[in-house]
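Naming convention: chains lettered A, B, ... in sequence-line order (proteins, then strands); numbering from 1 in each chain.
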Amino acid sequence: MAEDKKMLLVDGNSVAFRAFFALHNQLERFVNHDGLHTNAIYGFKLMLDKILGDVSPSNVLVAFDAGKVTFRTKAYADYKGGRSKTPTELSEQFPHIKELLDAYGIKHYELPEYEADDIIGTMAAKAEKAGYQVTIVTGDRDLTQLTTDKTTVAVTIKGVTEIEEYTPAHVVEKYGLQPAQIVDMKGLTGDSSDNYPGVTKVGEKTAIKLLKQYDTIEGIYENIEAMKKSKLKENLTNDRELAFQCKDLATIRKDAPVALTLTETTWPGAKKEDLLKFFEEMDFKSFIAQLQTSSADDVSAGPTLSKLEVEALDEAKVEKLVYDKASDISFYLELSDDNYHTADFWGFGLKIDDRYYATRDVELLKLPKLKQLLEDPAIQVDVFDGKQTYVALKRIGIELKNINFDLLLVSYLLNTSDNSNDLGNLAKRHDYFDVLTDEEVYGKGSKRKVPVDDAIYFEHLAHKLKAISELEDKLMKELAENEQEDLYFEIERPLSLVLAQMEITGIKVDRERLDIMQSEFKERLSELEQQIYNEAGEKFNINSPKQLGVILFEKLKLPVVKKTKTGYSTAVDVLEKLRGMSPIIDNILAYRQLAKLQSTYVEGLLKVIAADGKVHTRYTQTLTATGRLSSVDPNLQNIPVRLEEGRKIRQAFVPSHPDWEIFASDYSQIELRVLAHISKDPHMQQAFKDDFDIHANTAMRIFGLDDPSQVTANMRRQAKAVNFGIVYGISDFGLAQSIGSTRKQAKEFMETYLASFPGVHEYMQDIIESARQKGYVETLFHRRRYLPDIKSKNYNLRSFAERTAMNTPIQGSAADIIKVAMINMQQALKDAGLEAKMLLQVHDELIFEAPKAEISKLKELVPKIMDSAVELSVPLKVESASGKTWFETK
DNA sequence: ACTCTCACG
DNA sequence: ACGTACGTGAGAGTC
């Protein structure tokens with residue numbers, strides 16, 4: 001190493017800033033046991049590993065800024081003025097970043113009155129002279145002025161490990177300037193982030209043009225007399241002083257009084273025990289695990305996976321497979337993309353006891369030996385995503401009969417907020433590191449592809465199988481500790497197969513109906529478009545909030561009601577307020593409504609109709625924080641219903657056989673009933689037992705009426721909003737917004753409500769207190785949601801967590817109940833020998849198709865199953881309807 | 001990739 | 001003094 005003289009110089013402040021902001025959205029996830037934020041430290045460590053791995057330096061120095069006062073601020077008072085203060089979450093991390101460097105055995109240095117740049121410039125010059133190759137790492141492009149044939153500047157561009165390397169040639173390519181001219185450019189253009197102005201009206205383009213002709217700022221001014229009279233010449237003349245001053249500010253010193261010899265920067269390598277101690281202090285579990293699996297002299301080389309023996313399967317090998325009913329079997333089917341209804345099969349991996357097998361040849365699954373293995377009800381198969389595996393295998397005629405451990409599903413139940421669906425990422429969250437993520441092996445987005453190399457591909461499959469198998473005991477134990485075994489065995493796992501069946505069945509879509517709607521909408525849209533253009537006096541893109549904002553608020557001078565982060569808000573509630581001020585508003589609202597129906601529903605649905613004339617959604621069972629399902633590709637849980645125009649989309653959802661009908665049942669007020677049950681509020685419970693109109697009942701209480709006949713439509717509407725507010729976790733602001741009252745009025749409603757329903761009031765207080773103590777809230781069936789923010793000092797985060805604490809047990813228990821109903825339903829339909837099929841779930845309703853002759857039986861059976869799914873202290877109520885299309889089930 | 005808007009419970 | 005209703009997915013525009 002001594003032969004190989006390589007100097008690595010790191011701009012510590014700049015890299016720490018980059019790391020901090022790159023991981024800013026995860027700020028609250030990176031907190032150690034002392035409450036210290038660690039995101040910048042974590043990111044710094046990743047960057048360090050990357051660059052140490054790339055460069056293999058013999059010498060390393062990390063330079064830091066010493067403080068606010070520097071020779072530059074002394075010369076130019078406003079230098080770096082106006083910069084926002086470093087967030088405390090970051091500044092508290094600096095001392096620990098230095099500890100991290102100590103643990104790595106890396107020298108760090110700062111110098112009063114000088115910036116990190118100058119230390120780097122000085123050391124780079126020294127090192128070059130002594131024959132070193134120099135690499136500089138920074139997030140600041142200005143340092144590219146230091147590139148030479150011996151010095152490369154690596155600038156972090158995105159995240160923490162993505163860098164762009166500047167050599168002199170790259171600088172020339174990028175700017176059309178020599179590295180030494182960077183300071184001349186900065187002198188002319190100034191730097192707004194450092195708060196020095198440069199020459200008026202001169203930006204990068206002009207500066208580059210000038211420097212190409214005159215080489216330096218000095219060159220420009222030597223020749224300025226000869227320049228043609230122009231605004232530019234005038235500006236240059238006026239700002240002459242400034243130009244030279246700014247150039248001076250931008251120039252990195254190469255002669256700072258750095259009291260450090262090159263020998264002192266020699267890097268001996270990291271000491272494992274020091275790193276271990278530091279990582280433990282920071283709670284960096286993944287780095288600890290990496291350290292433990294890596295060899296002693298290679299502590300910064302990143303993750304190293306265990307070596308697995310994988311046998312490539314072929315027909316002959318399949319015949320020779322050995323297993324029995326007691327074998328420990330894991331199976332992983334690899335697909336080309338998320339949509340398992342249509343994805344290509346990339347191959348599969350199989351673990352039998354301690355032997356790993358893998359292949360690209362999915363046809364092998366059809367061989368009797370493998371088919372029987374997977375379909376044997378006595379053999380337990382462990383998987384990563386049971387529903388995906390089941391549905392995909394069903395496409396080739398194989399039906400899994402005994403899914404045992406479903407890693408994805410169990411992991412979700414343990415923590416509904418951790419909902420990655422990548423095996424590698426998910427394993428890491430359970431402190432298991434012996435597997436890569438799919439992104440690491442296959443690439444992401446359009447770059448995702450199956451590896452060409454069998455060894456890489458098969459080993460990845462084997463590592464996934466190993467993870468499934470090795471995480472089983474640990475996760476099942478946690479499930480038991482959380483009292484969640486019933487939730488898994490009795491609800492989620494059986495439900496996954498019910499959902500699989502619903503997805504496979506799919507729902508028939510009347511393509512012709514949609515085609516007709518499409519042409520009708522098209523015509524009406526172009527009429528509206530013309531009217532809007534006329535009223536605006538010009539053509540523009542109505543779908544662009546930005547362009548629409550300019551038309552409404554600048555050209556037509558309508559008053560600005562609300563702003564978004566990026567400009568004017570043009571959302572419905574804003575437009576509603578502008579109604580009557582200009583006829584354009586009504587047309588825009590109509591256009592919006594129609595455009596939404598056209599693009600999302602008519603055209604969106606047409607795009608996903610499969611060859612069988614049906615759409616096959618996928619229910620995401622492991623995504624929502626509350627336990628609800630979600631539906632994708634297409635989303636069948638948000639088909640329009642509230643407005644008549646949109647509701648007509650439902651005419652396109654039809655039975656898949658002639659003489660069949662659509663049948664739908666929904667729970668009435670399930671969330672408020674759940675609230676009545678868990679809050680034990682006597683008034684609310686009584687209202688449900690007496691089957692009162694619950695919103696009218698609330699109206700009577702908050703308006704102090706004695707008789708239902710006194711409740712006006714408006715009172716009921718407001719009471720309904722109050723009930724919603726209660727379910728969502730009440731706030732006066734939100735309620736005021738929803739009923740269009742003042743905040744004060746909303747607050748009074750809330751207070752009266754809580755006084756009239758003391759059980760609810762007590763529940764709200766108790767659940768928040770319990771969440772604070774336990775760190776989580778639970779549903780009726782022990783579904784858990786962790787709420788770390790409930791203790792946050794940040795008011796917004798804390799308030800949000802409190803509302804979530806109130807809402808999640810309600811929304812989540814309602815989700816539990818319908819899940820139980822669905823499982824019972826599938827069995828009941830089978831037991832009754834009905835042909836009826838359950839097709840869709842929309843949170844509190846179930847949609848079926850059935851022969852007309854079965855409808856009367858469903859009218860009995862479905863409500864019976866739904867309201868007996870669970871025994872609450874209030875009755876559950878179910879309402880049903882049927883018709884020729886989904887539209888008619890109202 | 002992010003923002004805005006809007007569809008549902 | 002601050003800035004929110006709870007839970008989702010999709011399309012279009014913008015950068």
Return no unless some side-chain N or O of [X] is found under 4.0 Å from OP1 or OP2 of [N].
| X | N | value |
| --- | --- | --- |
| A:S630 | C:dG9 | yes |
| A:R803 | C:dC6 | yes |
| A:K546 | C:dC15 | yes |
| A:T564 | B:dT3 | no |
| A:N635 | B:dC8 | no |

Sugar-phosphate, base or nothing in reach of A:R592, heavy atoms under 4.0 Å: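 Counting heavy atoms under 4.0 Å across all strands, the contact made by A:R592 is with sugar-phosphate only.
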Rounded to whole Å, please give me the gap between [atom1] in [X] and [atom2] in [N].
| X | N | atom1 | atom2 | answer |
| --- | --- | --- | --- | --- |
| A:L548 | C:dT14 | CG | P | 11 Å |
| A:L525 | C:dG11 | CG | C1' | 14 Å |
| A:Y795 | C:dA5 | OH | C1' | 12 Å |
| A:L606 | C:dA10 | CG | P | 16 Å |
| A:L594 | B:dC6 | CG | C1' | 14 Å |
| A:F733 | C:dA1 | CZ | C1' | 14 Å |
| A:Q621 | C:dT8 | CD | P | 15 Å |
| A:N543 | C:dG11 | CG | C1' | 9 Å |

A:E538 atom CD: more than 12 heavy-atom contacts under 6.0 Å: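 Above 12, so yes.
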Paired and unpaired positions of DNA chain C as dot-bracket, Watson-Crick or G-U wobble under 3.5 Å, | denoting a partner strand: .....|||||||||.
Close side-chain approach of A:I584 to A:I532, heavy-atom, < 4.5 Å: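 When only atoms from C-beta onward are counted, A:I532 and A:I584 do touch, with a gap below 4.5 Å.
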Sub-6.0 Å ring centroid separation between A:F749 and A:Y753: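 Ring centres of A:Y753 and A:F749 not closer than 6.0 Å.
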